[in-house]
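Let me begin by handing over the structure; questions about it come next.
Just the heavy atoms: all of them, side chains too, but no hydrogens, waters or symmetry mates, feed the values below. All chains are named by letter (A, B, ...) in the order of the sequence lines, taking the proteins before the strands, and each is independently numbered beginning at 1.
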Amino acid sequence: MDIARLDLRKMWTPALLLIALALFATLPLYASRYLVILLTSIAMYVVLTGSWAIFSGPTGYISLAPAAFFGLGIYTSAVLGRTSPLPAVILVAGLASFLVALFVGALTLRLKGIYFAMFTFGLVELIKYFLLWYEVEFTGTRGRFVVVVDNTTIYYVMFIILATLLLTAYLIRRSRFGMALQSIGECEEAAAHIGVNVNLLKTVTFAISAIFIGMAGAIMATRWTYVDPYIAFNPLFSFMPVLMAIFGGIGRFGGPILGAVVFAYLEETLITRFPYYYMLLFGIVLIIAVVYLPNGLVGLAQILQKRISERRHAHTGR
Amino acid sequence: MPILEGEGVTKYFGGLAAVSRVDFHVEQGEIVGLIGPNGAGKTTLFNLISGALTPSAGVIRFQGREITGLKPHRICKMGLARTFQSVKVFPNMPVFENVLLGALFGKPDGVSVAHAAEEATALLEFVGLSAVRSTPAKDLTLVNQKRLELARALATRPQLLLLDELMAGLNPTEVGQAMELVARIRDQGITIFMIEHVMKAIMSICDRIIVLHHGVKIAEGTPQEVATSKTVIEVYLGE
Ligand SMILES: Nc1ncnc2c1ncn2[C@@H]1O[C@H](COP(=O)(O)OP(=O)(O)OP(=O)(O)O)[C@@H](O)[C@H]1O
Ligand SMILES: [Mg+2]
């Protein structure tokens, strides 16, 4: 009985997503250049936040590694972009992020709580300074030029990455592994004692989530034309996904997605309208969200829904 | 061959020997009790057996195979399940999913979700939780959370079940029901090794009892023998 009800609720999101996908696929045919660029930026943040949420959402392990994988993608693009076709560059970036995440995850996912968060953040700095050292020592350069790709192509690639991510997230959540990931977040020791290979599951999920971040980095790099380690491994790309997820509500997968869309849209508009103090406005919005919306936008929606249905009950009660 | 045996099992926490050179064995089909004063090392011994902790020294064998230091999920899949003294359910997941997870992941071979769901439903019936199957586990009473843990452990289809103070915090009626449940589990052919402070329960239900004190095994025998043992009486009265 409750399985049927759950399925119905799960059907909602994919149905809406399909309609949205059809819309977005045709968009560059009639939309303005500005809108295409804006949507690409929003999609990028949704990819970052959604990938982050695949792993950190159910398990509760706060990863600050996204900037590391994003940067790896950017550098893959910078190094291979001249010699390889774009799809190959994107795939290699995803694979490189996957492998690094697998290695790092196997080493660090035994760490709990704040230690894991700190180590993953250390990873960003580690790779950044390694690259700086390498470039000074061996290539004698600082920074690289990236092959430029036109905006429509970037848009399409980003949306293919986004669609693949959403499909992957959906399949994971529906599967037994999604349930097991949640059990790790609820009580890891008990999960291990009923047969869940917790370290393997955490590591593989962490690595899968890194694929999309790496691919997003690879395609975004083509928009920036010039990158150096400071640009590529900007810690902002680690904090943004966490903030956006909190803003939207971590509990359900829709939360981080919604959070990323609204947050990214706000950022883009605030930057153009108030270039000097947009960060301040941004901070204020965030503080209000954290203080007044402990369960994020999704939590707010649930509260409103409850109010409305209560009012309806009150009416029929009379 | 005993289903479970330990030789010289030892665990140090810093300088403290929480479990010290303990030899023990549990035979197929038995209900064995593990008793001792607070801090005797009972839970620590269970943690060493289930893989939650790695022994500092000693060997543990399950069905003749050494399991010392194996990961908990491996030990579980071999057929050894447990419950926890401080209840460890998955609080925000529905009761049914708690048990379903055990049925899905606890066995050596993969099972279909449909089959696991059937098993979980049957086990909820067995422990008397069918009515609350959709309730988040955190909303259950303590006694029901303990039953849930029991069902979840059984869902992994164990040969041996470790119960850590299943009856602590229950009222006399609930203790009676829990004892009946334990007896029925044994009748299904599952061997039971249980820690218990409720003396009436342990004395009436166990075939054999092991007594720990300061990490050392100080007595072992039938409930009769243990209850009349001088050392055991001294330890308990000396408290
Ligand atoms: N993880 C740990 N780290 C450090 N010391 C521990 C740890 N677990 C247990 N101890 C210590 O080991 C000793 C034995 O504890 P244990 O929990 O095994 O006792 P117990 O027999 O189960 O007691 P109780 O009847 O109160 O449950 C205690 O002194 C306890 O403080
Ligand atoms: Mg104990």
Could you tell me which residues in residues 136-156 of chain B have at least one non-hydrogen atom under 4.5 Å from a non-hydrogen atom of chain A, sorted by residue number?
B:Arg152, B:Thr156
Picking from B:Asn92, B:Thr83, B:Val89, B:Asn98, which has the most non-hydrogen pairs under 4.5 angstrom with chain A?
B:Asn92
Measure from the ring center of B:Phe46 to the ring center of B:Phe84 and say whether it is less than 6.0 Å.
no
Please name the pair of heavy atoms, one in A:Thr164 and one in A:Ile160, separated by the smallest distance, quoted to 0.1 Å.
OG1-O, 2.5 Å
Should B:Glu30 and B:Thr191 be marked as a side chain to side chain donor-acceptor pair (under 3.5 Å) after you check the CA-CA gap, both sets of side-chain angles, and the distance that decides it?
CA-CA 5 Å; B:Glu30 271 190 312; B:Thr191 307; over 6 Å; no
Counting a contact as any heavy-atom pair under 4.5 Å apart, which residues of residues 61-73 of chain B contact chain A?
B:Lys71, B:Pro72, B:His73
So do B:Thr10 and B:Val19 actually touch side chain to side chain, heavy atoms under 4.5 Å?
no
Given a strict heavy-atom distance threshold of 4.5 Å, which part of B:Leu100 is in contact with chain A: side chain, backbone, both, or neither?
side chain
Check: A:Tyr61 main-chain N/O paired with A:Ser56 side-chain donor or acceptor under 3.5 Å:
yes
For B:Pro94 and B:Ser134 the tightest heavy-atom approach is CB-O, 3.9 Å
Any donor and acceptor pair, going by atom type alone, linking the side chain of B:Ser56 with main-chain N or O of B:Tyr12 inside 3.5 Å?
yes
Are A:Phe69 and A:Phe206 close enough that their ring centers fall under 6.0 Å?
yes
For chain A, which of B:Ala116, B:Ala81, B:Pro108, B:Ser50 has the most heavy-atom pairs under 4.5 Å?
B:Ser50
Checking the side chain of A:Ser238 only, and the main-chain atoms of A:Ala67 only, is there a donor and an acceptor separated by less than 3.5 Å?
yes
Residues, nucleotides or ligands: over 12 heavy atoms within 6.0 Å of A:Phe239 CZ
yes
Residues A:Phe116, A:Phe121; criterion ring-ring contact (aromatic ring centres under 6.0 Å, His included); working and verdict:
CA-CA 9 Å; A:Phe116 176 73; A:Phe121 190 64; over 10 Å; no
For B:Lys88, is it the side chain, the backbone, both, or neither that has a heavy atom closer than 4.5 Å to a heavy atom of chain A?
both
